[in-house]
Amino acid sequence: MLAVGGDELLQHAVPSHRIDLGGCCVLPGLTDAHMHFEWFSLGLQRIDADQPSCDQVLALVAQQAQTSPKGSWIRGHGWNHNAWGAGDLPTRDLLDRVAPDHPVFLTAKSGHASWANSRALQLADVSASTVDPADGAIVRDATGRPTGVFLEGASDLVGSHLPQVTVTDVADAMRVGMTRAHGLGITGVHDMDGIRSLRAWQQLRAEDQLRLRVCKTIPLGHLDEAIGCGLTSGFGDEHLWIGGVKIFTDGALGPQTAWMLAPYENDPSNHGMSLIEPEQLVSAMRRAASARLASFVHAIGDRAIRETLDVVEQLRRHERAERVTALRHRIEHVQIIDAADISRLASLDVIASMQPIHATSDMYMVDRFWGPQRAPLAYAFRRVADSGATLAFGSDAPVETIAPLPGIHAAVTRRREDGEPGVEGWQPQEKLSVEAAICAYTAGAARAGGVGNRLGRLAPGFLADLVVLEQDPHTAESMEIAQIGVAATMVGGQWVYRNSAADGFPDLPATDTV
Ligand SMILES: [Zn+2]
């Protein structure tokens, strides 16, 4: 971007290169600072199990069973039993009734559980005698028979038997995924998926088809290899670069596996699950830091967040002693934080990478599982922003919709699009201003990705990534923000999306520079 300005600047513009956006609102391109792009893109090809009832999911499975060859896998994602009637976990018998001849594997909306049918269990050789893995559990009935639901790492017992997906398959799916993202105003993503996803991004980059700014994480399981070959945070170029190492400390709210300081409201014996021993967390983050790799730590429960902050505190002391530049460490999700830890995010300069749409999706679960005393500290966007910490917003897609405007709406109103839970919104003291919410999708996300000097602002010297909205969210009625249309999206001075149906919006040249 060469210059940004008012009327005086127009005098310098070549008339044939002028584009009048007809009163639309131009913002810096939106970055989704936490999402799973491979999972999202492949998901576009699969059953959408995010349905209001179990019967609707079963109907979709039945439909696919009728149209696909016997024996082929039926895959899907998005079920959430907490949203279905009594809230009971589903069973394999339900799937067997609608798809007896196809192996079925459906992952939960939280990403922390899966649901399979008997055919799938047979292929995976899972039976009553199968032992639970160390990092998860097989749900069983009173007789010990697996019910078809698998928690956390136990999902791999079946998941590892799914047909192989190649890097090219992923790259093909990502092309479609990129188009979808552009149509929603997204110009960049921080991708939390694995190494296959990194390879697919590189394939797209090599084919000159990468049209998003991608900050990529490396899974903890590959940390030694990353260190061994000298990868550091920031390595790459302005299209694709390494963010850091992704480490899981706990599970999630839905399956009640988020690691908590105090027990779950509905189960005094349950503090959630720690997915890593504290010593292992210290050692992983230390090793990564001494190799100049930042840590992107998944921490949802207040205990998981505290453990992570404790490690960062040690790392910061070390950085100061050694006089090395501070790494851009992040906590992913920050769904419930103890009041004593909020100021530590800012003082330790730990990025709070949060997903506003989770707040309105999960609010009733928060009330139920964490209770009224702790709920004010859940999805505490306002307190975190006011503490001076950098807030970066994302969607966690495909856990939630990838669309950023519904995310801005959720952060600003703390209400669902249908108006729930009422005019005030849920925990309304945590509502953010429109400006702060947009900042978390632009400048905040850029800083979280280590590229705050090149992305996230419309300013000279910054890359020309922008989105044109049909209406200005700053002046729109707050309940209408989620519905604001995207008129066009530009990445690197090139239009990657144009909505020709947008009101009064001019035809744009295929390529132009600004
Ligand atoms: Zn995630």
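Indexing begins at 1, ligand by ligand and atom by atom, following the structure's order. One-based numbering along the sequence shown.
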- Residue His34, metal the Zn ion (ligand 1), N/O/S under 2.8 Å: yes
- Pair Arg383, Gln429: side-chain N/O donor-acceptor within cut-off below 3.5 Å: no
- Query: About how many Å separate NE2 of His222 and SG of Cys229, when rounded to the nearest 0.5 Å?
  - Reply: 11.5 Å
- Task: Confirm or rule out an N/O/S atom of Glu332, from backbone or side chain, lying less than 2.8 Å from the Zn ion (ligand 1).
- Result: no
- Message: Measuring from atom CG of Leu275 to atom CH2 of Trp259, what distance do you get when rounded to the nearest 0.5 angstrom?
- Response: 9.5 Å
- Query: Tell me, which N, O or S atom in His36 is closest to the Zn ion (ligand 1)?
  - Reply: NE2
- Minimum-distance atom from the Zn ion (ligand 1) among N, O or S atoms of Asp396: OD1
- Does a salt bridge link Arg303 with Asp338, judged by any charged N lying under 4.0 Å from a carboxylate O? no
